[in-house]
Amino acid sequence: MKKALLLLLAIMLVGCSGEGTEKKKEADVKKEEVVKEEKVVPVKFEEVDPESKAAVEKFVKKYNVRVDIYKQDPEEGIEIAKIPEPITSELNKEEKILSQTLLDTDFKKHKGHYKIDAKYNEDKKIIGYNISIEGIPATELSENGEEWAEGITSTMTIADALGLNIDKYDEESDIAFDEENYTYTDPNTKTNVTFLYADWDLGKFEIKYDLSK
């Protein structure tokens, strides 16, 4: 009987120990979630550095004008979404970079999605733009690749709006196909353009436009 009681006590102690460990794990997870939430601090667009705010608004207007131009092209007219105006989206701060989503939309004709973000430093000054695209896998593309056309057109529209040398941009983007991470500097604006093509075959890629300081 004594041995049975000791065995039962031992089992109860192990159970309590396990329960304590689980509670500690849960507490740690909640603490980690709170820390993550604290890292994301929303910032209103009105709080952005005045010159940067004007620059972003100018970029958006140029982008939207180019959208109409690409749509009206008699040979390869492609319709893509415009960036909503006026800009009302907030910035989210993670560590030292603030990110603002300007456009988050699906392709109009084919299966796919793309997102355009503006990037700011801690002083709320614009430092660049990103576009991330997700379409069907490369192996499923038709011969002319029209299924990715909207995403590709959007990247060209950003380049146009930023005043990049389009011939150089087109040339460098071809070179980037053989690399997972390729950067070149635009001769017109000194903007650093980075092509992230690691998941190109899966239909996912990203392009970063880092403005000169």
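Quick note: residue numbers are just sequence positions, from 1.
Residue pairs that meet the salt bridge (charged side-chain N to carboxylate O under 4.0 Å, His left out) test with at least one member in residues 135-144, sequence neighbours left out, do not exist here.
A donor-acceptor contact shorter than 3.5 Å links the side chain of Glu147 to the backbone of Ser142. At least one donor-acceptor pair closer than 3.5 Å links the side chain of His113 to the backbone N or O of Thr105. Asp123 places no side-chain N or O within donor-acceptor distance of the main-chain N or O of Lys125, the cut-off being under 3.5 Å. When atom types are taken as modelled, the side chain of Trp148 and the backbone of Ile136 share a donor-acceptor pair closer than 3.5 angstrom. For Thr153 (side chain) and Ala149 (main-chain N/O), a donor-acceptor pair under 3.5 Å exists by modelled atom type. Distance alone, capped at 3.5 Å, places no donor-acceptor pair between the Thr183 side chain and the Thr194 backbone.
Remark: the Glu79 side chain and the Tyr70 side chain contain no N/O donor-acceptor pair separated by less than 3.5 Å. Side-chain contact, Gln100 with Tyr120: a donor N or O sits under 3.5 Å from an acceptor N or O. If you check the side chains of Thr101 and Asp117, you find a donor sitting under 3.5 Å from an acceptor. Ser154 and Tyr63 form a side-chain donor-acceptor contact under 3.5 Å, judged by distance and modelled atom types alone. A donor-acceptor contact closer than 3.5 angstrom links the side chains of Ser99 and Lys119.
Atom NZ of Lys190 sits about 11.5 Å away from atom CG of Leu164, to the nearest 0.5 Å. Note that CG of Asp210 is 7.0 Å distant from CG of Asn130, once rounded to the nearest 0.5 Å. For the atom pair Phe45 CZ and Ser89 OG, the distance stands at 7.5 Å (nearest 0.5 Å). In this structure, NZ on Lys44 lies 12.5 Å from CG on Leu91, to the nearest 0.5 angstrom. Taken from CD1 in Ile158 to CZ in Phe59, the straight-line distance is 5.0 Å, to the nearest 0.5 Å. The OG1 atom of Thr185 sits 9.5 Å away from atom NZ of Lys168, with the distance rounded to the nearest 0.5 Å.
Side-chain contact between Leu211 and Leu162 is present, with at least one heavy-atom pair separated by less than 4.5 Å. The closest side-chain heavy-atom distance from Glu172 to Tyr182 is below 4.5 Å. A 4.5 Å side-chain heavy-atom check between Asp199 and Asp201 finds every atom pair outside the cut-off. By the 4.5 Å heavy-atom criterion applied to side chains, Ile87 and Val56 are counted as neighbours. Put simply, the side chain of Pro187 reaches to within 4.5 Å of the side chain of Asn165, judged on heavy atoms. Phe107 is not listed as a side-chain neighbour of Ile80, based on a closest heavy-atom distance of 4.5 Å or more. Counting only heavy atoms from C-beta outward, the side chains of Thr189 and Ser212 never approach each other to under 4.5 Å. The shortest distance between side-chain heavy atoms of Ile78 and Lys71 does not fall below 4.5 Å.
Between Asp160 and Arg66 there is a salt bridge, with a side-chain nitrogen of the basic residue lying less than 4.0 Å from a carboxylate oxygen of the acidic one. Ion pairing between Glu57 and Lys61 fails under the 4.0 Å rule for side-chain N and carboxylate O.
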Could you go through the side chain to side chain contact (heavy atoms under 4.5 Å, CB included) check for Ile97 and Lys93 one step at a time?
CA-CA 6 Å; Ile97 299 295; Lys93 184 176 182 181; over 6 Å; no
CA sep, side-chain torsions, deciding dist, call: Leu102, Tyr129, side chain to side chain contact (heavy atoms under 4.5 Å, CB included):
CA-CA 10 Å; Leu102 298 178; Tyr129 300 88; 4.1 Å; yes
Begin from the C-alpha positions of Leu98 and Asn121 and carry the test side chain to side chain contact (heavy atoms under 4.5 Å, CB included) through to its verdict.
CA-CA 6 Å; Leu98 291 102; Asn121 62 17; 5.9 Å; no
Yes or no on side chain to side chain donor-acceptor pair (under 3.5 Å) for Asp186 and Thr191, after CA distance, side-chain angles and deciding distance?
CA-CA 5 Å; Asp186 174 72; Thr191 297; 5.4 Å; no
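Closest heavy-atom contact between Ala55 and Ile126: CB-CG2, 4.5 Å. Listed here is the closest heavy atom pair of Pro42 and Asn92: CA-OD1, 3.8 Å.
Residues passing the side-chain hydrogen bond (donor to acceptor under 3.5 Å, both in side chains) test with Asn64, sequence neighbours excluded: Glu85. Partners of Tyr197 by ring-ring contact (aromatic ring centres under 6.0 Å, His included), not counting sequence neighbours, listed by chain and number: Phe177, Phe195, Trp200, Phe205.
Enclosure of atom NZ in Lys62 is not indicated, since only 12 or fewer non-hydrogen atoms of other residues, nucleotides or ligands lie within 6.0 angstrom. Residue-environment remark: CD (Glu46) exceeds the threshold of 12 foreign heavy atoms within 6.0 Å. Within 6.0 Å of NZ on Lys115 lie more than 12 heavy atoms contributed by other residues, nucleotides or ligands.
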